[in-house]
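Have a look at the structure below before the remarks.
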There are 2 protein chains.
Amino acid sequence: MDDMSNNERRRPKFKKVDKHSGIPAYVQVMNQVKTEIILGRLVPGDQLPPVRELETMFDVNVNTILKALDRLKSEGVLSSEQGVGYFVTSNIAIESPIIDELRGFVRKIKDVGLDLYTIILLIEEVWKNE
Amino acid sequence: MDDMSNNERRRPKFKKVDKHSGIPAYVQVMNQVKTEIILGRLVPGDQLPPVRELETMFDVNVNTILKALDRLKSEGVLSSEQGVGYFVTSNIAIESPIIDELRGFVRKIKDVGLDLYTIILLIEEVWKNE
DNA sequence: TATAGTGTTATAGTTATATATAACACATAA
DNA sequence: TTATGTGTTATATATAACTATAACACTATA
């Protein structure tokens with residue numbers, strides 16, 4: 001059982017951005033935060049770590065953090081209160097049976113020996129032509 | 001039956017890059033070209049359209065095209081001959097049973113109502129934690 | 001040889017991305 | 001009220017990405 005009361009702050013683990021990936025840092029930050037919410041590891045009401053802490057976790061400048069969070073605010077996923085913090089507002093979590101299905105799929109594909117990058121290209125292609 | 005002789009030039013269809021996606025244009029060009037090869041719609045020996053034609057198809061500058069093709073040369077997927085053209089060199093095509101499997105997966109996921117962007121985030125996440 | 005079609009290189013300028021640094025504004029609790 | 005923790009804004013700088021434009025180099029063919 002989870003001993004955190006509802007809106008108590010969880011401490012998500014974020015990874016440093018990959019500065020050589022060709023993907024802008026602020027996009028990588030957006031992706032990581034959004035993934036936590038989609039997986040239900042952050043739920044509506046949860047507060048994010050302070051921006052200066054995020055700065056360290058992601059290893060990017062505050063302005064880059066703010067740019068990312070600002071985009072997520074525009075998407076309606078986050079809100080912020082000056083002097084207080086950033087909060088998850090929208091429930092975009094995916095149900096776990098779907099995630100399990102996805103896990104099975106990934107395992108199968110990995111067995112074939114394809115790499116992640118190739119798979120993503122193919123899914124985009126197939127998705128757009130169905 | 002295909003009435004093209006082996007190394008005759010196919011005419012791949014490319015789409016204009018999305019300049020507001022946050023993904024660098026040259027990366028988008030790389031992705032589209034690579035996808036054609038992975039799907040076997042371009043095969044080793046095939047010649048790409050001239051760079052000035054690609055410029056129009058993708059709606060980006062020649063330099064951006066060259067940057068993309070240059071990266072693919074580094075990956076060993078393409079080669080070029082001055083005065084002649086760009087050619088597909090590497091066979092990175094995926095077998096069609098795998099693609100079919102993927103098609104089935106995408107159909108299932110679409111039925112659930114998820115969007116492409118969300119799926120890609122999830123696959124990356126699951127992939128890295130298996 | 002001349003011409004057209006191809007890739008290649010170069011230059012200059014613009015915009016987007018990211019950094020470092022500092023100051024400011026608001027909320028909460030001592 | 002004061003201090004601390006939070007978000008916010010601003011400025012200056014650096015680098016990457018992208019564009020427009022032009023010239024150059026090689027190949028193939030008429």
Which one, [options], comes nearest to the side chain of [X]?
| X | options | value |
| --- | --- | --- |
| A:P50 | D:dG7, C:dT8, D:dA20 | D:dG7 |
| B:Q82 | D:dA25, D:dT27, C:dT19 | D:dA25 |
| B:P24 | D:dT19, C:dT8, D:dA17 | D:dA17 |
| B:V62 | D:dG7, C:dG7, D:dT21 | D:dT21 |
| B:N63 | C:dA27, C:dA10, D:dT27 | C:dA10 |

For the residue pair [Y] / [X], report whether a side-chain donor-acceptor contact shorter than 3.5 Å exists.
| X | Y | result |
| --- | --- | --- |
| B:K73 | B:S79 | no |
| A:N61 | A:T64 | no |
| B:N63 | B:Y26 | no |

Rounded to the nearest angstrom, tell me the gap between atom [atom1] in [X] and atom [atom2] in [N].
| X | N | atom1 | atom2 | answer |
| --- | --- | --- | --- | --- |
| B:F58 | D:dC18 | CZ | C1' | 16 Å |
| A:E55 | D:dT6 | CD | C1' | 14 Å |
| A:R71 | C:dA18 | CZ | P | 10 Å |
| A:E81 | D:dT8 | CD | P | 10 Å |
| A:L54 | D:dT8 | CG | P | 12 Å |
| B:Q47 | C:dT6 | CD | P | 8 Å |
| A:H20 | D:dA16 | NE2 | C1' | 13 Å |
| B:D70 | C:dG7 | CG | P | 13 Å |

Check whether any side-chain N or O of [X] sits under 4.0 Å from OP1 or OP2 of [N], and answer yes or no.
| X | N | answer |
| --- | --- | --- |
| A:K19 | C:dT17 | no |
| A:T64 | C:dT17 | no |
| A:K67 | C:dT17 | yes |
| B:Y26 | D:dC18 | no |
| B:Y86 | C:dG5 | no |

| task | Report the residue (A:L66 or A:G22) whose heavy-atom-nearest nucleotide on DNA chain D is the more 5′ of the two. | result | A:L66
| Counting only distance, no hydrogens or angles, is the base of D:dA17 paired donor-acceptor with the side chain of B:N61 under 3.5 Å? | no
| field | Check: A:R52 side chain, C:dT21 base, donor-acceptor under 3.5 Å | value | no
| query | Are B:E125 and A:R41 within salt-bridge range, i.e. N to O under 4.0 Å? | reply | yes
| Would you call B:K34-B:E75 a salt bridge at under 4.0 Å N-O? | yes
| query | Toward the 5' end of DNA chain C, which comes first, B:K73 or A:G83, by nearest nucleotide? | reply | B:K73
Return a table of donor-acceptor pairs under 3.5 angstrom between the side chains of residues 87-98 of chain B and protein atoms on other chains or two or more places apart.
unit_1 : atom_1 : unit_2 : atom_2 : d
B:T89  : OG1    : B:G76  : O      : 2.9
B:T89  : OG1    : B:V77  : O      : 3.0
B:N91  : OD1    : B:A93  : N      : 3.1

